[in-house]
Amino acid sequence: MPAPSVLRCYGDGHLALVGEGRPRIDLDPRLPSGADDRDPAVAALPVDFVVLTQGRQAALDDALDLLDARPEAVLVAAPALCDRADRLLDLDGRLVDLGDWDRVSFGGVTVTGLPPSRPGLPGADLLPGMDRLPGVDRLPGMDRLPDPTSLLSEATGTLGRALGGLPLLGGLPGVEGLAAGAWGGAGRAGGERRALHLAVEGGPRVLLAADNLCGASPDRWLDDVAEVLEVDVLVASVAGDRVDGLVHAVRTLKPRRVVLYRDHDPYERAGRSQPMARFVEALEEDAPEVDVVHLRAGEELALLAPAGAELPA
């Protein structure tokens with residue numbers, strides 16, 4: 001089966017792999033909130049596979065509306081999200097669980113689910129010096145001690161799921177972010193969405209890093225990804241005022257092309273962010289041999305080159 005040939009950006013984090021005669025794959029599809037606009041938007045998205053990289057209720061609601069309208073469409077998500085979706089809409093036979101490092105093939109693409117880039121409490125890995133103490137990981141007995149970040153991740157995930165299930169608390173700001181603890185839940189510091197690796201049949205190997213490269217560089221996570229997977233194209237959302245996560249990712253993964261996009265308005269709610277040009281300039285300065293593309297909402301990019309061949313301009 002030929003691979004999807006085009007990466008399309010709809011805005012608000014909604015990406016799609018599309019191509020004539022090929023199954024369509026939508027990642028985190030977004031629908032208008034107004035009832036008058038919602039039905040036409042559902043009709044305009046003939047999804048075959050819906051891939052969720054986050055656990056926010058609004059994102060799940062949008063996915064379920066599409067799945068309800070398309071009886072043959074399949075949901076691909078983490079096991080916890082699949083369970084939530086199945087409780088809300090009977091999806092028997094239309095669910096694909098994708099755990100950390102699990103690999104599934106569908107629609108001409110092999111997808112690998114990646115673990116959270118920043119496990120634990122939001123911002124825990126940003127504490128000064130925590131990952132730079134010399135020799136800490138080589139002290140006697142350290143390999144037998146439980147990983148504190150894993151314990152924190154499990155604790156926050158459990159707490160979030162418990163709070164999210166309460167009728168009054170489930171709708172409070174921030175609670176559904178905790179309920180998304182299966183993805184690592186690092187909020188706007190990076191890691192609110194899950195990263196995925198896509199090996200496109202007849203095309204490149206793509207790392208959909210989502211927001212995992214925002215903020216400080218997740219160096220250990222990048223090393224793990226580089227050890228297991230090869231990356232031709234790095235697709236990443238950008239926000240905030242730091243470029244080092246993105247720069248370190250290019251140094252470690254060595255992609256031939258980088259595609260940058262926004263997954264939300266970076267200036268809303270008193271948010272602060274560098275202009276997109278700053279991220280592009282940082283990569284052009286550090287890795288001038290890499291092709292850097294800014295993919296805006298409403299634009300698309302061909303993904304036709306096989307691994308090892310030149311990518312299209």
Side-chain angles (χ1 to χ4, degrees), residues 1-32 37-56 58-99 102-114 183 193-208 210 233 235 259 261 263 295 297-304 306:
M1 179 182 297
S5 60
V6 171
L7 177 67
R8 184 174 295 168
C9 179
Y10 288 88
D12 294 325
H14 179 185
L15 300 174
L17 285 171
V18 300
E20 185 177 355
R22 302 172 174 92
R24 177 187 173 106
I25 302 173
D26 283 81
L27 298 103
D28 294 324
R30 293 300 306 272
L31 298 173
D37 298 326
R38 198 170 180 88
D39 288 344
V42 170
L45 287 175
V47 301
D48 296 303
F49 295 92
V50 175
V51 180
L52 275 185
T53 72
Q54 57 169 310
R56 291 185 177 274
L60 183 59
D61 289 343
D62 288 347
L64 292 179
D65 280 355
L66 286 169
L67 291 164
D68 191 34
R70 307 285 177 183
E72 303 301 319
V74 175
L75 175 66
V76 182
L81 265 180
C82 285
D83 289 344
R84 286 172 58 192
D86 199 34
R87 288 196 298 269
L88 295 169
L89 181 68
D90 184 10
L91 292 172
D92 184 36
R94 301 168 60 197
L95 291 170
V96 176
D97 290 350
L98 188 66
D102 282 353
R103 185 171 295 174
V104 297
S105 296
F106 55 87
V109 175
T110 298
V111 181
T112 303
L114 298 179
W183 295 142
R193 299 173 187 263
R194 188 189 198 188
L196 301 169
H197 182 272
L198 280 65
V200 181
E201 180 185 341
R205 297 156 296 194
V206 182
L207 176 62
L208 294 174
V233 180
V235 181
V259 181
Y261 68 99
D263 67 8
L295 190 63
E299 296 180 343
E300 60 184 33
L301 179 71
L303 295 176
L304 297 175

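Small disclaimer: the values here were computed from a predicted structure and weren't measured. Starting from 1, each residue takes its place in the sequence as its number.
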**Student:** Which of these passes side chain to side chain contact (heavy atoms under 4.5 Å, CB included) with Arg94: Leu67, Val50, Val76?
**Tutor:** Leu67
**Student:** What distance do Asp263 atom CG and Arg30 atom CZ have between them, rounded to the nearest 0.5 Å?
**Tutor:** 10.0 Å
**Student:** With sequence neighbours left out, write down each residue that passes side chain to side chain contact (heavy atoms under 4.5 Å, CB included) with Asp90, or none if nothing qualifies.
**Tutor:** Asp86, Asp92
**Student:** Verify, without hydrogens or angle tests, whether Asp97 (side chain) and Ala78 (backbone) share a donor-acceptor contact under 3.5 angstrom.
**Tutor:** no
**Student:** Would you check, one step at a time, whether the test side chain to side chain contact (heavy atoms under 4.5 Å, CB included) holds for Thr112 with Val104?
**Tutor:** CA-CA 7 Å; Thr112 303; Val104 297; over 6 Å; no
**Student:** Measuring from atom CZ of Arg84 to atom CG of Leu75, what distance do you get when rounded to the nearest 0.5 angstrom?
**Tutor:** 11.0 Å
**Student:** Carefully, step by step, assess Arg205 and Leu198 under the rule side chain to side chain contact (heavy atoms under 4.5 Å, CB included).
**Tutor:** CA-CA 6 Å; Arg205 297 156 296 194; Leu198 280 65; over 6 Å; no
**Student:** For the pair His197 and Thr110, evaluate side chain to side chain contact (heavy atoms under 4.5 Å, CB included) and give the outcome as yes or no after the intermediate values.
**Tutor:** CA-CA 8 Å; His197 182 272; Thr110 298; over 6 Å; no
**Student:** Could you check Leu45, Val47, Asp48 and say which one makes a side chain to side chain contact (heavy atoms under 4.5 Å, CB included) with Arg70?
**Tutor:** Val47
**Student:** Hey, are Asp62 and Arg38 close enough for a salt bridge, meaning a charged N less than 4.0 Å from a carboxylate O?
**Tutor:** yes
**Student:** Would you confirm whether Arg24, through its side chain, and Phe49, through its main-chain N or O, come within 3.5 Å as a donor-acceptor pair?
**Tutor:** no
**Student:** For a 4.5 angstrom cut-off between non-hydrogen side-chain atoms, does Val235 reach Tyr261?
**Tutor:** yes
**Student:** Where do Cys82 and Ala77 come nearest, in terms of heavy atoms and distance?
**Tutor:** SG-O, 3.5 Å
**Student:** Determine whether Leu207 and Leu114 make a side-chain contact, defined as any pair of heavy atoms from C-beta on separated by less than 4.5 Å.
**Tutor:** yes
**Student:** So, the side chain of Asp102 versus the backbone of Gly99: is there a donor-acceptor pair under 3.5 Å, distance only?
**Tutor:** yes
**Student:** Is there side-chain contact between Val51 and Asp28, with heavy atoms separated by less than 4.5 Å?
**Tutor:** no
**Student:** Nearest 0.5 angstrom please: Leu95 CG to Asp83 CG, how far?
**Tutor:** 8.5 Å
**Student:** Are Leu27 and Leu196 side-chain neighbours, meaning at least one heavy-atom pair lies under 4.5 Å?
**Tutor:** yes
**Student:** Mind checking whether Leu7 and Leu17 have side chains closer than 4.5 Å, heavy atoms only?
**Tutor:** yes
**Student:** Please round to the nearest 0.5 Å and tell me the distance separating atom CD of Glu299 and atom OH of Tyr10.
**Tutor:** 13.5 Å
**Student:** What are the two closest heavy atoms between Ala69 and Val42, and how far apart are they?
**Tutor:** CB-CG1, 3.5 Å
**Student:** How close do Ala44 and Pro46 get, heavy atom to heavy atom, and via which atoms?
**Tutor:** O-CD, 3.2 Å
**Student:** How far does CD of Gln54 sit from CG of Leu81, to the nearest 0.5 angstrom?
**Tutor:** 9.0 Å
**Student:** So, for Ala41 and Pro32, which heavy atoms are closest and what is the spacing to 0.1 Å?
**Tutor:** CB-CD, 3.4 Å
**Student:** Check whether any side-chain heavy atom of Leu98 lies under 4.5 Å from a side-chain heavy atom of Arg194, and answer yes or no.
**Tutor:** yes
**Student:** Leu31 and Asp65: side chain to side chain contact (heavy atoms under 4.5 Å, CB included), yes or no, with the steps?
**Tutor:** CA-CA 9 Å; Leu31 298 173; Asp65 280 355; 4.0 Å; yes
